[in-house]
Student: 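First the structure, which I've put down as structure tokens, then a few questions once you've had a look.
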Amino acid sequence: MKTTTSVLSRAALAATTALGAATALVAVAAPSHAGTVVQDCAGGPVTIGSTLDDVTLTGVCTDVRVDASNITVVLPTTTSLTITGANLEITASGPVGAVGLGGANNTLSAPEAGDVAVSGGNNEATFAGTIGRTSVVDGNNTVRAASITRLRVEDGNQVVRAGTVGAVTIQGSNATLTASRAPKVTVKGANNSVRLGRLPVLRIVGSNNRAVVTKGSTKVTVRGANNVVRVKKRA
């Protein structure tokens with residue numbers, strides 16, 4: 001008569017070994033963050049370098065620079081904010097002055113800002129209020145704001161959504177602009193999409209661009225092939 005004891009033992013041993021290996025893998029997995037550090041700006045500039053800690057800034061801040069990656073940063077009002085790291089989540093409780101958002105895969109949220117420069121790739125900036133002169137370059141970046149004083153969009157695959165916008169220049173490809181109104185939009189490039197509520201002046205130089213204006217009258221100038229323009233009324 002054959003016994004199955006040895007077979008069952010080997011199966012149990014294998015299961016135990018597999019479970020132990022999985023447990024070991026879980027045990028050695030490092031946490032995404034070591035903790036949160038609270039730092040007082042003390043009325044001066046602050047640079048957040050390489051760290052595993054999330055950072056909360058307090059007090060009066062002047063110039064804040066974030067070179068770290070893979071953390072969250074919470075800050076108060078600042079004179080300026082420069083971001084160069086990657087995979088950051090940054091939240092400001094007050095206006096942030098001049099903004100330089102670079103690096104990659106970063107998100108920034110603030111009530112309002114001065115002039116804003118967005119570069120790098122896959123960055124996203126959201127402002128509840130007004131921002132100043134704004135440039136968006138490189139690729140795959142997104143800017144949202146209630147109002148933008150002036151806007152320039154370059155390179156590819158940029159997205160801008162706003163309430164009101166000053167004069168706009170789009171020079172690149174595959175950009176998307178959505179706004180309630182602007183005084184003038186100039187599109188130089190290809191495969192760009194513009195949609196506004198009111199727009200007195202529209203100029204397109206390029207090909208395969210699309211523009212829609214749903215209210216008011218618009219003076220339209222188009223040079224290039226395969227452009228589609230739909231306006232409420234031509235001025």
Side-chain angles (χ1 to χ4, degrees), residues 63-66 69 72-75 77-199 202 204 206 209-213:
D63 305 303
V64 175
R65 181 182 180 93
V66 184
S69 295
T72 65
V73 178
V74 178
L75 61 148
T77 298
T78 65
T79 304
S80 70
L81 175 62
T82 303
I83 301 162
T84 65
N87 305 308
L88 296 162
E89 182 178 338
I90 299 177
T91 303
S93 60
V96 290
V99 174
L101 173 56
N105 304 307
N106 299 312
T107 63
L108 167 64
S109 176
E112 59 185 57
D115 293 347
V116 174
V118 179
S119 60
N122 301 305
N123 292 312
E124 183 175 324
T126 302
F127 303 92
T130 299
I131 60 177
R133 297 169 65 96
T134 300
S135 66
V136 188
V137 302
D138 295 331
N140 302 300
N141 299 302
T142 299
V143 175
R144 300 182 184 89
S147 178
I148 302 175
T149 301
R150 192 176 183 91
L151 175 65
R152 184 173 185 86
V153 179
E154 298 182 9
D155 303 315
N157 303 303
Q158 319 284 19
V159 176
V160 178
R161 303 185 188 280
T164 59
V165 188
V168 177
T169 299
I170 298 174
Q171 188 164 339
S173 60
N174 301 301
T176 300
L177 169 65
T178 305
S180 61
R181 64 175 62 215
K184 179 180 180 180
V185 172
T186 301
V187 179
K188 300 178 180 179
N191 302 305
N192 298 293
S193 176
V194 174
R195 184 178 183 87
L196 287 100
R198 293 183 183 274
L199 176 64
L202 171 64
I204 296 178
N209 297 290
R210 178 180 176 83
V212 177
V213 183

Student: Is the shortest side-chain heavy-atom distance between Val165 and Val185 below 4.5 Å?
Tutor: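 When only atoms from C-beta onward are counted, Val185 and Val165 do not touch, as no gap falls below 4.5 Å.
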
Student: Specify the closest pair of heavy atoms between Val96 and Ala113, including all atoms of both residues, with the distance to one decimal.
Tutor: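 Closest heavy-atom pair between Val96 and Ala113: CG2-CB, 3.6 Å.
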
Student: State, yes or no, whether a side-chain contact exists between Ser180 and Thr164 at a heavy-atom distance under 4.5 Å.
Tutor: yes

Student: So, Asn191 versus Ser173: side-chain donor-acceptor pair below 3.5 Å or not?
Tutor: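 No, no side-chain donor-acceptor pair sits under 3.5 Å.
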
Student: Do Val143 and Val159 have side chains that get closer than 4.5 Å, going by heavy atoms?
Tutor: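 Val143 vs Val159: side chains apart.
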
Student: Which pair of heavy atoms, one from Ala182 and one from Leu199, lies closest together, and at what distance?
Tutor: O-CD1, 3.3 Å

Student: Are the side chains of Thr72 and Thr91 in touch, meaning some heavy atoms are under 4.5 Å apart?
Tutor: no

Student: What I'd like to find out is whether the side chain of Val116 reaches to under 4.5 Å of the side chain of Phe127, using heavy atoms alone.
Tutor: yes

Student: Decide yes or no for Ile90 and Val66: does some side-chain heavy atom of the first lie under 4.5 Å from some side-chain heavy atom of the second?
Tutor: yes

Student: Just to verify, what does Arg152 make a salt bridge (charged side-chain N to carboxylate O under 4.0 Å, His left out) with, not counting sequence neighbours?
Tutor: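 Here the qualifying residues are Glu154.
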
Student: Determine which pairs satisfy salt bridge (Lys or Arg N to Asp or Glu O under 4.0 Å) with at least one residue from residues 179-198, sequence neighbours left out, and list them in order.
Tutor: none

Student: Could you give all pairs that pass the side-chain hydrogen bond (donor to acceptor under 3.5 Å, both in side chains) test and reach residues 92-120, with sequence neighbours left out?
Tutor: Asn106-Asn123

Student: Can you tell me how far the OG1 atom of Thr176 sits from the CD atom of Gln158, to the nearest 0.5 Å?
Tutor: 10.0 Å

Student: Has the side chain of Asn192 got a donor or acceptor atom that lies under 3.5 Å from a matching backbone atom of Asn209?
Tutor: no

Student: Measuring from atom OG1 of Thr186 to atom CD of Gln171, what distance do you get when rounded to the nearest 0.5 angstrom?
Tutor: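 One finds 10.0 Å between OG1 of Thr186 and CD of Gln171.
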
Student: For the CG atom of Asp155 and the CG atom of Asn174, what is their distance to the nearest 0.5 Å?
Tutor: 11.5 Å

Student: Work out which heavy atom in Ala92 is nearest to a heavy atom in Pro111; give both atom names and the distance.
Tutor: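 Taking Ala92 first and Pro111 second, the nearest heavy atoms are O-CD, 3.3 Å.
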
Student: Please name the pair of heavy atoms, one in Ala146 and one in Ala128, separated by the smallest distance, quoted to 0.1 Å.
Tutor: CB-O, 3.2 Å

Student: Can you name the closest pair of heavy atoms from Gly129 and Ala145 and give their distance?
Tutor: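 The answer is O-CB, 3.9 Å.
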
Student: Looking only at non-hydrogen atoms, find the nearest pair between Ala175 and Ile170 and report the distance.
Tutor: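 The pair with the smallest heavy-atom distance is CB-CG2, 4.0 Å.
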
Student: Just wondering, do Thr134 and Val160 contact through their side chains at under 4.5 Å, heavy atoms?
Tutor: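 No, side chains not in contact.
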
Student: Please indicate whether Glu124 has more than 12 foreign heavy atoms, meaning atoms of other residues, nucleotides or ligands, lying under 6.0 Å from its CD.
Tutor: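 Count over threshold, so yes.
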
Student: Any side-chain heavy atom of Val187 sitting closer than 4.5 Å to one from Val194?
Tutor: yes

Student: Can a donor-acceptor pair be found, under 3.5 Å and without considering hydrogens, that links the side chain of Ser69 to the backbone of Ala86?
Tutor: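 It does hold such a pair.
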
Student: With rounding to the nearest 0.5 Å, note down the distance linking CD1 in Ile83 to CG in Leu108.
Tutor: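 Ile83 CD1 to Leu108 CG: 5.0 Å, rounded to 0.5 Å.
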
Student: If you measure from CG on Asn141 to CG on Leu101, what distance do you get to the nearest 0.5 Å?
Tutor: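 The distance works out to 7.0 Å.
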
Student: Once rounded to the nearest 0.5 Å, what's the spacing between atom CG of Leu196 and atom CG of Leu177?
Tutor: 5.5 Å

